[in-house]
Amino acid sequence: FRLTDMMGLAQWEERFEDIGLELEYVEGLKRAAELLLLKGQETLVWVQDARANFAAYTVWLQGVVRKQNLQEYLHSPDEDDPVKRRQRQQKLKPVPAPDI
């Protein structure tokens, strides 16, 4: 909103012309600020989208790794011992998914 104030002051040429405050310069500066704000918003949306995609990929990858580890763990050399197998299964607890 300060740039719109400067635009109003730039229209008062007899007072501010001596310091180089011209309406065309202020309008260009305002347009540049608007474009910068727009690019910042676009970048924010892109980063949020990339973060959500990465979080989904991480959850999927953790599931794959857990499944692989579980298969390796349950098929260990002492799998014929039912007591040890039950102890291994009781140790396995689901890990909550991260907040997105």
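FYI, the numbering just counts along the sequence from 1.
- How far OG1 of Thr43 is from CD of Gln48: 11.0 Å, rounded to the nearest 0.5 Å.
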Could you list the donor-acceptor pairs under 3.5 angstrom formed between side-chain atoms of residues 28-37 and any protein atom two or more places apart in sequence or on another chain?
none

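- Side-chain heavy-atom separations under 4.5 angstrom define the hydrophobic clusters, and the remaining members of the one that includes Trp46 are Val47.
- If you take OG1 on Thr58 and CZ on Arg51, they are separated by 10.5 Å, rounding to the nearest 0.5 Å.
- Each of Asn53, Val59, Leu61 was evaluated against Tyr57; a single residue qualifies, Leu61, per the side-chain contact (heavy atoms from CB on, under 4.5 Å) test.
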